[in-house]
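The structure under discussion appears below in the form of structure tokens.
Chain A is the first sequence line, chain B the second, and so forth, proteins listed ahead of strands; every chain is numbered from 1.
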Amino acid sequence: MQSKLTSTPIESSDQANDTLTQDAAESSSLATDAPQWLHPSSLLFEFISGVRQQLIPAIFAVYTAAQWGKFGAFFAAAFFAITMGVAIFRYLTVRYQIRGNDLIVNQGLVFRRTRTIPVHRIQNVDLLQTVLHRLFRVAEVRIETAGGSEPEAKLRVLSLQKIESLRSRIFEQASLQTATNPELILDAAAKSTVEKVAVDEPTVRLLQIPTALLIKAGLLSNRGMIIVGAAFGAAMQFVPWGQDFFFNPKKLFRFLPWQALERQWIFWIFAIVVLLMLLRAFSAVWYVLRFHGYVLERRGDEFRIQCGLFSRLSATVPRRRIQLISIHRTLLGKALGIASIRIETAGGGGSSSEDSATTISRRWFIPVVHEADVSRIIREIRPELDWNEKAIPWSAPSRWAARRMRRMAMLIGLAVSGLAIWNLAWWGLAVGAAVCVFAYWFAGKKASTMRYARSEFGIAYRSGLLTKKCSVTFLEKVQSVWLDHSPFDRRWKMATLCIDTAGSGPAEHNIHVSMLEENFAQHERDAIAKRASAKSVALG
Amino acid sequence: MSETNPCTAVPPEQGQPDESSEQFRPVVAAEIANPNDALLADTEPPISIQPEIKKYQALDPRYIIVERISWGIFGGVILSVAIGGSLISIFADWPPTKLHWLILAGVFVVIGLMFWAVYSLPAAAHRHASWRIDESGLDIRRGILWRREITIPRARVQHTDVRQGPLERRYRIASLVIHTAGTHAASITLSGLAVPDAHWLRDVLISEVKASGDAV
């Protein structure tokens with residue numbers, strides 16, 4: 001195995017990489033590697049993943065082994081043997097190589113699958129490293145292209161050295177090819193970034209997040225619900241008194257004088273405060289677990305994120321693949337001067353859940369950042385973009401928007417009041433009045449947060465009251481534009497302007513600008529469509 | 001064939017002579033009489049769009065018939081289940097009570113509504129749907145109450161399908177499915193095109209795909 005590795009030209013060290021890049025630049029990137037094996041510890045990780053994928057049979061196997069004696073042990077052994085066999089088969093049959101401009105992954109023996117991924121189509125290369133991975137100095141590699149929601153290729157697992165060489169090969173080839181093949185340059189933005197090919201670029205450290213800031217961000221968020229939910233599920237399943245804990249705490253905390261406490265509202269307030277504090281503490285724990293040691297670096301044209309306390313993640317995002325930038329500010333975060341930045345890239349991250357490790361590079365591009373650093377970071381993502389939200393010439397929605405939203409809110413408020421009066425009589429009247437006043441105020445406020453702007457390079461959209469979200473996308477990233485007119489829209493002479501980009505979703509802020517004045521929306525749609533289809537986009 | 005005569009320059013549809021839809025076809029440039037020519041020439045965008053087609057075009061009227069038939073079949077299946085169910089419920093506990101007659105009356109109301117919907121909604125949909133193409137892209141309008149105007153920039157088309165179901169084949173219309181790299185509108189279907197229009201549109205849109213590279 002090792003001899004096989006050393007025979008390939010790209011081995012490990014950084015110097016080897018540098019010479020390689022120069023070679024590649026000279027010989028116009030047609031180097032072919034011998035097919036590579038996965039790391040031998042793949043056996044273990046394939047096995048673990050196999051067991052995890054079939055968790056229920058696995059639990060059943062262990063359970064039967066414990067209960068049924070000999071027969072159970074035989075059953076469990078058979079299950080684990082099959083899983084191990086699959087893992088061994090995988091390990092023996094998977095090969096990957098870079099041939100010319102393609103990454104080729106071979107798999108299977110009887111039914112062979114050869115997947116060829118053109119290197120310039122690769123969007124992200126993400127690494128995932130759990131504690132166990134770190135022991136073996138290996139990582140799981142996920143390679144994503146624009147299509148689909150699943151990674152195009154999963155290499156489980158490669159040694160860190162081989163990953164480094166693979167990663168630099170992929171991104172250098174992509175840049176080289178784009179630079180040498182003008183047909184592949186679609187837009188001026190790509191051209192401008194590609195010209196600075198990442199061959200000898202130094203690595204620039206853009207951002208580090210100290211743990212104190214992570215804890216602060218965690219205390220402000222409700223992420224802890226995830227841990228609480230998981231704990232709830234686990235307790236219900238496995239802990240004998242778990243169900244009591246959530247449904248019948250009296251049984252568990254017998255030492256408390258419940259009879260006296262139930263009548264004291266101070267006790268309940270205290271209990272709620274404790275619960276909320278626990279929730280926030282869990283959030284902080286989640287943030288630290290996920291993002292400990294967060295580092296954002298830029299090397300030439302690619303961003304690299306590294307973070308995680310136990311499971312470490314290292315994601316690479318090519319700059320020109322970023323479709324949308326979204327800045328989120330919660331109410332409390334705004335008061336403390338912190339924000340978070342999400343991005344969207346084509347491919348991946350669409351269907352996977354919020355906290356899955358692979359979506360970190362998009363959903364949590366920068367989990368928390370000081371307000372002062374926001375415009376600097378955005379300038380790194382798009383150098384031509386001088387980000388200053390206050391200076392953007394925002395256009396407001398239709399002047400009837402506030403009135404329409406208030407009317408809608410009043411209808412809801414009246415319905416709630418009706419129900420309240422039905423149930424509570426005179427008290428209901430007071431509740432209903434309060435709800436109506438609040439709804440009226442809230443709708444007006446909400447209408448005042450909706451803003452839209454277009455410049456020569458992109459489109460910006462701002463909305464949200466509790467979590468203020470401000471997103472910007474770029475004309476060359478616009479995939480399609482549409483206007484929606486509901487019957488109510490037509491009544492108010494309004495329309496909703498929607499802009500679709502690739503990989504939209506992780507930022508949780510779709511550019512669907514509602515309640516624009518109809519004529520204005522029409523005009524904007526035409527302008528965006530015209531500029532989106534132009535071959536070269538003027539850069540501001 | 002270099003001269004452009006707006007009346008005769010319609011690309012002949014091979015194998016399917018079709019006189020009835022002559023007046024609904026778009027007027028196109030003569031150079032694309034053979035779509036293969038358009039694909040082979042890769043210098044200039046070979047397809048020139050006549051100014052007439054830059055205005056919104058209605059869908060083929062046969063779309064109404066196809067829609068009525070397909071919704072009619074769908075409605076018929078549902079109706080037969082509903083009628084069968086209510087008849088069974090009536091005969092099961094004979095003699096019928098007031099409730100049974102109410103159910104039967106309800107079924108008749110639903111039948112009436114369904115006939116109305118199947119008859120008039122396709123026509124309304126046809127009235128409100130139209131498309132046009134120009135240098136910037138393909139525009140599609142549709143929707144009766146909730147209306148949508150979609151624009152697909154030409155450089156963003158990834159690939160296109162021309163799709164024909166059995167009914168559509170029978171009435172010589174087709175649906176054009178346009179795929180973009182987007183998320184919410186990753187594939188956009190424009191149904192109710194005359195077959196030559198669908199092929200023509202596909203060729204126009206694909207010629208742009210060839211010219212540009214990676215649209216993401």
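- The choice from A:Asn510, A:Leu483, A:Val478, A:Asp526 that makes the most heavy-atom pairs within less than 4.5 Å of chain B is A:Leu483.
- Distance check: A:Trp482 CH2 to B:Ile140 CD1 gives 12.0 Å after rounding to the nearest 0.5 Å.
- The two residues B:Pro153 and A:Ser480 come nearest to each other via the heavy atoms CD-CA, 4.0 Å.
- Taking CD1 of A:Ile499 as the reference point, atom NE2 of B:His184 lies at 11.5 Å (rounded to 0.5 Å).
- At least one donor-acceptor pair closer than 3.5 Å links the side chain of A:Asp500 to the backbone N or O of B:Ala185.
- For the pair A:Asp484/B:Arg147, no side-chain contact is recorded, criterion being any heavy-atom separation below 4.5 Å from C-beta on.
- With a 4.5 Å cut-off on non-hydrogen atoms, B:Ile144 touches chain A through its backbone but not through its side chain.
- Both the backbone and the side chain of A:Ser486 have a heavy atom closer than 4.5 Å to some heavy atom of chain B.
- Within a 6.0 Å radius of CZ in B:Arg163, no more than 12 heavy atoms belonging to other residues, nucleotides or ligands are found.
- Identified by a heavy-atom distance below 4.5 Å to chain A, contributing residues of residues 64-74 of chain B are lacking entirely.
- A donor-acceptor distance shorter than 3.5 angstrom exists from the side chain of B:Thr183 to the backbone of A:Thr501, with no hydrogens or angles considered.
- Contact record, B:Ser136 with A:Lys530: CB-CA, 3.9 Å, taken as the closest heavy-atom pair.
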A:His485 and B:Glu149: CA distance, side-chain angles, deciding distance, side chain to side chain contact (heavy atoms under 4.5 Å, CB included) verdict:
CA-CA 8 Å; A:His485 313 258; B:Glu149 297 175 61; 2.6 Å; yes
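- Between atom OG1 of residue B:Thr151 and atom CD1 of residue A:Ile528 there is a gap of 9.5 Å, rounded to the nearest 0.5 Å.
- Counting heavy atoms from C-beta on, the side chains of B:Trp146 and A:Arg490 never come closer than 4.5 Å.
- The contact list for residues 516-525 of chain A toward chain B, using heavy atoms and a distance under 4.5 Å, reads A:Gln522, A:Arg525 by residue number.
- Of the two parts of A:Asp489, neither the backbone nor the side chain holds a non-hydrogen atom closer than 4.5 Å to a non-hydrogen atom of chain B.
- The side-chain heavy atoms of B:Arg156 and A:Glu476, taken from C-beta on, include a pair separated by under 4.5 Å.
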